[in-house]
S.K.: 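Take a look at this one; I'll ask things after.
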Amino acid sequence: MADFSLEKDILEDKIKGLSDREIGNKYNVNLKFIEKSITKNLGINISNPVNTLSNPVKIIKKIAPKDFSLEQNTVWSFKSRGNWATHNGNYRGNWSPYIPRNILLKYSKEGDLVLDYFCGSGTTGVEAKLLNRNFIGIDINENAVKLAKENTDFLTKTADENVIYFMVGDARNLNLINDNSIDLICSHPPYSNIINYTHNNKNDLSNYEVGDFLKEIEKVAQESYRVLKNNKYCSILIGDMRKNKNVIPLGFWTIDKYLKEGFVIKELIIKRQHNCKTTGFWYTNSIKFNFLLLAHEYLVIFEKSDKKKVENYKSNYTEASFRQYEKNKIKFIENNNIQQESATVWIFEKKDWLYNTLNNLIKRYGNGSYSIYNDNPKKSSNLLIYFYDNNFCNFSKNFYNYLEKDGILAIICEDIRIDDNLIYSNPIYIEKYFKEDDKLKIKEIVVIQIKDMCNPNNKDFNLNINHKYLIIYKLNG
Ligand SMILES: C[S@@+](CC[C@H](N)C(=O)[O-])C[C@H]1O[C@@H](n2cnc3c(N)ncnc32)[C@H](O)[C@@H]1O
């Protein structure tokens with residue numbers, strides 16, 4: 001039974017201005033409980049009720065970020081979340097306005113019609129208004145729609161020329177929107193039930209467990225494909241989850257649903273998260289309990305291509321996806337004194353990424369024995385490292401022979417830019433393949449950012465790929 005007086009006390013303290021930590025300590029409750037109390041009582045999941053209740057319309061001092069330039073590489077990282085116009089972090093889990101700003105500027109033009117079917121507090125709508133795009137924002141929660149309207153309620157020089165429209169609705173059924181009518185979709189779904197946006201609303205996908213969430217997101221992908229014009233883009237930001245020290249690859253699984261509906265990948269961007277703590281308590285626990293702190297999300301730009309391009313994409317998959325690693329690159333010096341990584345993004349330089357990656361793997365998972373599959377592997381080690389190559393078919397049938405019971409398999413792989421300038425994502429393919437294998441359990445998805453592979457002067461429409469992946473599995477029993 002819910003404790004109504006406790007919820008009321010928490011809300012009162014929140015309104016008085018107490019922080020989540022102070023409230024947590026005072027009532028011995030966690031953040032999820034505080035969020036639930038607020039969402040249930042106010043009908044919206046916000047971190048600062050005072051702001052929203054007493055000061056709905058903000059006065060705008062800045063209408064654009066200072067020194068803004070478009071992202072050129074596949075790893076995006078914004079040190080501050082962005083506070084121009086009405087943007088603020090009050091709506092829990094809202095995205096940084098730098099994301100829709102980049103997407104709108106690169107994949108749409110003035111006067112285009114942009115859709116965000118999980119619009120929340122209206123971040124995308126604010127950017128659409130500032131950048132002279134027409135906009136439809138939809139959310140299942142009427143209070144979020146109200147907040148989004150307030151957040152877009154400001155004047156700009158050209159404001160009257162564009163339509164910014166919000167409505168309560170369901171992303172799984174966009175029946176008010178015509179087929180092939182949208183120029184750009186730019187949206188940010190809930191990550192299953194990590195953050196609940198409403199209290200018990202059965203149409204709110206943030207109240208769905210992973211399996212059901214994926215079934216429902218398939219309908220959203222279907223509707224996205226229907227309403228988007230041909231040769232246009234649909235972008236979503238999605239992250240992974242963690243359960244019992246293992247990752248749940250919600251990102252890859254969600255991307256796969258969009259692929260199934262006919263989309264192809266134009267870009268797969270890694271959005272780094274800065275709110276995760278990689279020192280002190282968390283660092284120690286990451287080592288002690290052997291897990292990595294989630295530090296990245298996936299920002300995917302899907303393309304609705306013509307049929308021929310899609311067929312070409314599908315038939316080119318296999319060949320394009322393999323990349324042979326040169327054997328001599330695998331030679332490296334073992335160093336047990338290496339500083340251990342504790343989050344899911346590892347940032348290294350080109351000259352020593354392999355050295356650092358392999359030593360990190362060996363230190364965390366090796367437990368005295370490891371081998372590299374591509375380089376005369378030993379029978380039965382605790383850790384088997386595999387560089388994804390054109391031998392995958394053989395590898396997938398044989399690797400068990402080289403792993404101890406409860407051993408760890410680490411696969412190093414990449415996204416590849418194929419013909420037609422699309423992206424073929426090896427890690428998504430690998431995870432799809434091994435998902436069916438009940439002897440393997442996915443443990444981590446690590447992104448390796450190569451610092452000096454970044455090209456700030458990239459003039460190409462395609463982003464410069466400056467990351468790789470490590471997919472880590474545990475062999476069951
Ligand atoms: C991650 S939040 C979006 C935040 C938004 N990008 C912002 O900056 O404020 C996800 C949103 O999806 C909404 N939502 C959940 N299920 C929905 C559905 N079936 N149809 C439309 N919106 C839904 C939630 O109410 C929530 O506002």
Side-chain angles (χ1 to χ4, degrees), residues 35 38-40 42-48 51-52 78 81-104 114-130 135-152 166-177 185-209 212-224 227 235-241 250-251 254 257 271 273 297-299:
E35 280 188 21
I38 291 173
T39 309
K40 193 170 155 192
L42 295 181
I44 189 163
N45 191 348
I46 45 178
S47 56
N48 185 354
N51 237 349
T52 309
F78 307 109
R81 68 176 313 283
N83 61 356
W84 66 94
T86 50
H87 296 305
N88 64 70
N90 197 13
Y91 192 66
R92 297 258 193 209
N94 63 357
W95 61 0
S96 157
Y98 282 107
I99 299 172
R101 188 171 199 86
N102 265 283
I103 295 173
L104 264 60
V114 177
L115 168 68
D116 181 350
Y117 42 55
F118 295 113
C119 74
S121 60
T123 313
T124 317
V126 171
E127 285 307 298
K129 180 162 174 163
L130 293 170
F135 179 78
I136 303 176
I138 296 174
D139 201 282
I140 205 72
N141 182 2
E142 59 180 333
N143 292 311
V145 168
K146 205 168 141 236
L147 179 61
K149 282 182 182 164
E150 283 168 5
N151 283 338
T152 44
F166 288 99
M167 60 184 275
V168 178
D170 192 327
R172 294 167 299 177
N173 180 0
L174 304 172
N175 59 354
L176 295 179
I177 303 180
I185 295 171
C186 181
S187 207
H188 180 200
Y191 303 171
S192 186
N193 54 0
I194 294 189
I195 297 179
N196 303 113
Y197 287 93
T198 56
H199 177 70
N200 282 349
N201 180 333
K202 67 177 184 359
N203 293 317
D204 176 355
L205 304 191
S206 75
N207 293 327
Y208 284 61
E209 297 280 344
D212 290 334
F213 173 84
L214 288 166
K215 275 188 209 139
E216 300 309 307
I217 213 75
E218 199 168 326
K219 298 176 190 161
V220 180
Q222 219 167 60
E223 280 293 77
S224 307
V227 300
S235 52
I236 57 159
L237 179 73
I238 183 83
D240 291 328
M241 300 167 75
L250 186 73
T254 303
K257 295 292 179 197
K271 156 74 178 45
Q273 285 174 314
E297 294 153 289
Y298 310 91
L299 175 62

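All ligand and atom numbering here is 1-based and tracks the order in the structure. Note that the numbering runs from 1 along the sequence shown for the chain. All values below were derived from every heavy atom in this structure, side-chain atoms included, with hydrogens, water molecules and symmetry-related copies excluded.
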S.K.: Can you tell which part of Ala144 has a heavy atom less than 4.0 Å from ligand 1: side chain, backbone, both or neither?
M.R.: neither
S.K.: Nearest 0.5 Å, what's the CG-OH distance between Asp139 and Tyr197?
M.R.: 9.5 Å
S.K.: Identify the two heavy atoms, one from Ile44 and one from Tyr91, that lie closest to each other, and give their separation to 0.1 Å.
M.R.: CG1-CE1, 3.6 Å
S.K.: Hey, are the side chains of Ile238 and Tyr191 touching, using non-hydrogen atoms and a 4.5 Å cut-off?
M.R.: yes
S.K.: Which bit of Tyr191 is near ligand 1, meaning a heavy atom under 4.0 Å away: side chain, backbone, both or neither?
M.R.: neither
S.K.: Answer with yes or no whether the side chains of Asn90 and Ser47 bring together a donor and an acceptor at under 3.5 Å.
M.R.: yes
S.K.: Using only heavy-atom distances, determine whether the side chains of Tyr117 and Glu223 contain a donor-acceptor pair under 3.5 Å.
M.R.: no
S.K.: For ligand 1, is any non-hydrogen atom under 4.0 Å from Tyr91's backbone (N, CA, C, O), its side chain (CB onward), both, or neither?
M.R.: side chain
S.K.: Any idea which protein heavy atom is nearest atom 12 (O) of ligand 1, and the distance to it?
M.R.: Phe118 CD2, 3.3 Å
S.K.: How far is atom 5 (C) of ligand 1 from its nearest protein heavy atom, and which residue and atom is that?
M.R.: Cys119 O, 3.6 Å
S.K.: Can you name the atoms of ligand 1, numbered from 1 with element, that are less than 4.0 Å from a heavy atom of Thr123?
M.R.: 7 (C), 8 (O), 9 (O)
S.K.: I need the nearest protein heavy-atom contact for atom 20 (N) of ligand 1: residue, atom name and distance, please.
M.R.: Ala171 N, 2.9 Å
S.K.: Let me confirm one number: the CG-CG distance from Leu299 to Leu237, rounded to the nearest 0.5 Å.
M.R.: 5.5 Å
S.K.: Going by distance only, is there an N or O of Ser121 that falls short of 3.5 Å from an N or O of ligand 1?
M.R.: yes
S.K.: Starting from atom 13 (C) of ligand 1, find the nearest protein heavy-atom neighbour and note its residue, name and distance.
M.R.: Asp139 OD2, 3.2 Å
S.K.: Hey, what do you get for CD1 (Ile138) to CG (Leu115), rounding to the nearest 0.5 Å?
M.R.: 5.5 Å
S.K.: Which part of Pro189 is near ligand 1, with near meaning a heavy atom under 4.0 Å away: side chain, backbone, both or neither?
M.R.: backbone
S.K.: Checking contacts here: is it the side chain or the backbone of Ala148 that comes within 4.0 Å of ligand 1, counting heavy atoms only? Could be both or neither.
M.R.: neither
S.K.: Check Glu127, Arg101, Arg81 against His87 for a side chain to side chain donor-acceptor pair (under 3.5 Å) and give me the one that passes.
M.R.: Glu127
S.K.: Checking side-chain contact (heavy atoms from CB on, under 4.5 Å) against Asn201, which of Ile140, Asn141, Asn196 comes through?
M.R.: Ile140
S.K.: Counting both backbone and side chain atoms, is some N or O of Leu205 under 3.5 Å from an N or O of ligand 1?
M.R.: yes
S.K.: In the protein, what heavy atom is nearest to atom 10 (C) of ligand 1, and what distance, to one decimal place, separates them?
M.R.: His188 O, 3.4 Å
S.K.: Distance to 0.1 Å, residue and atom name: give those for the protein heavy atom nearest to atom 21 (C) of ligand 1.
M.R.: Tyr117 O, 3.2 Å
S.K.: Who's the nearest protein heavy-atom neighbour of atom 22 (N) of ligand 1, and how far?
M.R.: Ile140 N, 3.2 Å
S.K.: What residue and heavy atom of the protein are closest to atom 15 (C) of ligand 1, and at what distance?
M.R.: Asp204 OD1, 3.0 Å
S.K.: I'd like the name of whichever of Tyr197, Trp95, Phe213 reaches closest to atom 1 (C) of ligand 1 through any heavy atom.
M.R.: Tyr197
S.K.: Measure up the Phe78 and Tyr98 rings against each other and bin them: parallel (under 30°), tilted (30 to 60°), perpendicular (over 60°).
M.R.: parallel
S.K.: Does Asn203 approach ligand 1 within less than 4.0 angstrom via side chain, backbone, both or neither, non-hydrogen atoms only?
M.R.: backbone
S.K.: With a 4.0 Å cut-off, would you call Glu216 and Lys219 a salt bridge?
M.R.: yes
